[in-house]
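Notes to accompany the following structure.
Chain naming here is simple, since letters A, B, ... match the order of the sequence lines and numbering starts at 1 in each.
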Amino acid sequence: MVGTELVWEKCAGLVVETEAYLVEGDEACHTFKRPSARAFVERNKPGAAYVYFTYGAHWMLNVLVKGGPRDGIILIRALEPRRGIDLMRKRRGLEDVRRLCSGPGKLTQALAITKRHHEIDLCSDPAHCFRARPNDNLEVVADPRIGISCAKDFPWRFSLRDSPFVSVPVKRPRR
DNA sequence: CGCTAGATGAGA
DNA sequence: CTCATCTAGCGA
């Protein structure tokens with residue numbers, strides 16, 4: 001998904017950072033402890049939006065993927081704003097383009113994503129979808145997930161190499 | 001720049 | 001009680 005364009009009504013941005021959560025056996029995935037999350041996976045097709053509220057303040061946008069034992073939920077963590085930037089600025093109350101969508105809670109605020117988008121199909125609505133883009137030299141790096149308190153070792157945070165739009169800069173080896 | 005505190009609501 | 005976060009406020 002990194003490198004695709006997330007289209008959201010009047011706004012759009014390049015996906016530059018995601019995190020993968022595995023439905024089976026991943027302690028950090030909602031399905032590990034929540035029957036409601038498992039029911040969501042059961043009743044939905046791949047491409048369904050999984051939107052939830054956390055820390056009493058922030059919405060998180062996730063996408064359901066399916067592949068048998070590799071069923072998963074992908075958290076969209078950061079975007080490089082491409083369209084509707086002034087609208088994003090207004091919603092965020094910020095000017096700096098790099099800070100508009102550089103975090104999972106920031107991008108939902110910039111795109112006005114809330115509970116009402118939970119469970120919508122992101123494969124059938126042109127106003128809410130991921131568009132493939134021609135990417136010639138796309139370099140994606142994998143690192144440990146951040147912001148979680150368990151299963152920290154899985155290197156399932158994926159980001160566009162050297163993107164200045166990610167949430168937390170990827171640690172680069174010194175040279 | 002880095003660090004910390006605290007807001008705030010839903011699920012279990 | 002925990003939590004896949006963010007920002008203001010403070011100090012260097």
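Using a 4.0 Å heavy-atom distance criterion, A/R145 is classed as making no nucleic acid contact.
Taking A/H118 as the reference, A/F40, A/Y50, A/V51 meet the side-chain contact (heavy atoms from CB on, under 4.5 Å) condition, with sequence neighbours excluded.
Spacing between atom CD1 of A/I146 and atom C1' of C/dC6 amounts to 13 Å, rounded to whole angstrom units. Atoms CG (A/L107) and P (C/dT5) sit 12 Å apart, rounded to a whole Å. The nearest whole Å value for the distance from the OH atom in A/Y52 to the P atom in C/dT2 is 17 Å. Distance A/R92 CZ to C/dT5 P: 14 Å, rounded to the nearest Å. Atom-to-atom, CG of A/L94 to C1' of C/dT5 comes out at 15 Å; the value is rounded to the nearest Å. Rounded to whole Å, atom C1' of C/dT5 lies 4 Å from atom NE2 of A/H58.
Using a 4.5 Å cut-off between side-chain heavy atoms of Ile, Leu, Val, Met, Phe, Trp and Tyr, with links allowed through other members, A/V23 and A/M1 fall into different hydrophobic clusters. Under the 4.5 Å side-chain heavy-atom criterion for ILVMFWY residues, no single connected hydrophobic cluster contains both A/L64 and A/I76. By the rule that hydrophobic residues join a cluster once side-chain heavy atoms approach within less than 4.5 Å of another member, A/L6 and A/V16 end up as members of one cluster.
Within the 3.5 Å criterion, the main-chain N or O of A/E95 finds a donor-acceptor partner in the side chain of A/R89.
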### Task
Report the C-alpha separation of A/Y52 and A/N62 in whole Å, then their side-chain angles, then the decisive distance to 0.1 Å, and conclude whether the side-chain contact (heavy atoms from CB on, under 4.5 Å) test is met.
CA-CA 8 Å; A/Y52 73 93; A/N62 301 255; 3.5 Å; yes
### Query
Yes or no on salt bridge (Lys or Arg N to Asp or Glu O under 4.0 Å) for A/E17 and A/R157, after CA distance, side-chain angles and deciding distance?
CA-CA 7 Å; A/E17 182 183 343; A/R157 174 196 184 202; 2.9 Å; yes
### Task
Might you work through the side-chain contact (heavy atoms from CB on, under 4.5 Å) test for A/E9 and A/H128, ending with a clear yes or no?
CA-CA 6 Å; A/E9 295 159 28; A/H128 306 95; 2.6 Å; yes
### Task
Evaluate the side-chain contact (heavy atoms from CB on, under 4.5 Å) criterion for residues A/R131 and A/T4: first the C-alpha distance (whole Å), next the side-chain angles of each, then the deciding distance (0.1 Å), finally the verdict.
CA-CA 6 Å; A/R131 291 205 320 167; A/T4 66; over 6 Å; no
#### Entry: Test side-chain contact (heavy atoms from CB on, under 4.5 Å) applied to A/L160 and A/V141, step by step
CA-CA 6 Å; A/L160 190 58; A/V141 292; over 6 Å; no
### Query
Can you give the dot-bracket line for DNA chain B, where a pair is Watson-Crick or G-U wobble with both atom distances under 3.5 Å, crossing pairs use [ ], and | marks a partner on another strand?
|||||||.|||.
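Listed in residue order, the members of residues 18-45 of chain A having a heavy atom less than 4.0 Å from DNA chain B are A/K33, A/R34, A/P35, A/S36. A heavy atom lying under 4.0 Å from DNA chain C marks the following residues of residues 59-72 of chain A, by number: A/M60, A/N62.
Screening residues 26-53 of chain A for salt bridge (Lys or Arg N to Asp or Glu O under 4.0 Å) gives A/D26-A/R145, A/R43-A/E119 as the qualifying pairs, with residues at least two apart or on separate chains.
Bounding nucleotides for the chain A contact on DNA chain B, 5' to 3', at a heavy-atom distance below 4.0 Å, are B/dT8 to B/dA12.
Distances shown here put every side-chain N or O of A/R99 at or beyond 4.0 Å from the OP1 or OP2 atom of C/dC6.
In this structure the side chain of A/R161 never reaches within 4.5 angstrom of the side chain of A/V2, judged on heavy atoms.
Of the N and O atoms on the side chains of A/R77 and A/T18, not one donor lies less than 3.5 Å from an acceptor on the other residue.
A/F53 and A/W59 have tilted rings, their planes meeting at an angle from 30° to 60° on a 0 to 90° scale.
With DNA chain B read from its 5' end, the first of the two nearest nucleotides for A/K115 and A/G56 is the one closest to A/G56. Both A/G105 and A/F53 lie close to DNA chain C; mapped to their nearest nucleotides by heavy-atom distance, the more 5′-ward contact belongs to A/F53.
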